[in-house]
Q: 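Okay, here's the structure, questions in a sec.
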There are 2 protein chains.
Amino acid sequence: MPISEVLKALANDRRLQVLAWLKDPTAHFRPQVDGDLVEDGVCGQLIAEKLGVSQPTASEHLKVLTQAGLIRGKRIKGWIFYRRDEARIAEVKAAIAREV
Amino acid sequence: MPISEVLKALANDRRLQVLAWLKDPTAHFRPQVDGDLVEDGVCGQLIAEKLGVSQPTASEHLKVLTQAGLIRGKRIKGWIFYRRDEARIAEVKAAIAREV
């Protein structure tokens with residue numbers, strides 16, 4: 001994916017907010033029944049709730065971030081849990097620093 | 001301007017290309033009659049020509065970059081000459097590194 005597409009994925013207040021929350025999930029989300037917030041990630045439904053948007057709207061934002069490789073989803077019992085891909089995010093920051 | 005808006009300004013291949021060319025104007029543009037490429041910046045018309053787009057399309061991209069503070073325009077004899085605002089670009093990179 002070209003860097004311009006990754007920048008598009010980042011260029012949204014809600015998506016930046018989600019990335020910021022996922023830096024420290026336990027500080028921002030209540031414990032989950034299934035899935036450890038840090039190990040497994042945060043359930044998409046909790047993210048939708050905290051953003052105050054509908055499930056489809058949240059899913060779209062999470063899809064954009066996932067396609068850009070910034071977060072990864074993991075399916076547990078029918079739910080998808082999301083965490084940051086720190087290695088990829090570090091690469092993206094380095095590419096921005098180099099190319100801009 | 002919030003960082004999400006600056007990211008939108010960056011999230012375009014042509015605008016990234018212009019920023020890259022303006023890092024080293026003498027390597028990418030022919031000498032100008034008016035305005036030193038490095039001291040004064042590169043004439044918008046030369047940028048349009050090199051992008052291979054119409055003047056209005058180029059102007060729109062240059063406007064977006066200018067509004068985001070990434071480049072600065074200087075008017076000389078009716079033409080506008082553009083150069084990077086390196087201090088602002090460094091701030092933006094630092095903000096991205098911190099907030100993403």
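Because the structure is predicted, anything quoted here is derived from the model rather than measured. Just so we're on the same page: letters track the sequence lines, and every chain starts at 1.
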Q: Given Y82(A), which of L65(A), T66(A), V42(A) fulfils the side-chain contact (heavy atoms from CB on, under 4.5 Å) condition?
A: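 Passing option: T66(A).
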Q: How long is the gap from CD1 on I3(B) to CD on E99(B), to the nearest 0.5 Å?
A: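 That separation rounds to 5.5 Å.
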Q: Could you report the tightest heavy-atom contact between G73(B) and I80(B), atom names first, then the distance?
A: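 Minimum heavy-atom contact is CA-CG2, 3.7 Å.
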Q: Restricting to non-hydrogen atoms, name the atom on Q55(A) and the atom on A48(A) that form the minimum distance, rounded to 0.1 Å.
A: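 For Q55(A) versus A48(A), the nearest heavy atoms are OE1-CB, 4.1 Å.
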Q: Considering heavy atoms only, which positions within residues 13-28 of chain B lie below 4.5 Å of chain A?
A: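 Within residues 13-28 of chain B, the residues that come under 4.5 Å of chain A (heavy atoms only) are D13(B), L16(B), L19(B), K23(B).
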Q: Does any part of the side chain of Q32(B), heavy atoms only, come nearer than 4.5 Å to the side chain of W79(B), both counted from C-beta?
A: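 Not touching, per the 4.5 Å side-chain cut-off.
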Q: Measure the spacing between CD of E49(A) and SG of C43(A) and express it to the nearest 0.5 Å.
A: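 Here the interatomic distance stands at 9.5 Å.
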Q: Using heavy atoms and a sub-4.5 Å threshold, report which of residues 84-96 of chain B line up against chain A, by residue number.
A: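 Within residues 84-96 of chain B, the residues that come under 4.5 Å of chain A (heavy atoms only) are R84(B), I89(B), K93(B), I96(B).
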Q: Compare every heavy atom of M1(A) with every heavy atom of V6(A), then report the nearest pair and how far apart it is.
A: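 That closest heavy-atom pairing would be CG2-SD, 3.9 Å.
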Q: Looking at every non-hydrogen atom in both residues, tell me the closest pair between A9(B) and L70(B) and how far apart they are.
A: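 Taking every non-hydrogen atom into account, CB-CD1, 4.4 Å.
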Q: Side chains of D36(A) and F81(A): does their closest heavy-atom pair fall under 4.5 Å?
A: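 A side-chain contact under 4.5 Å is absent here.
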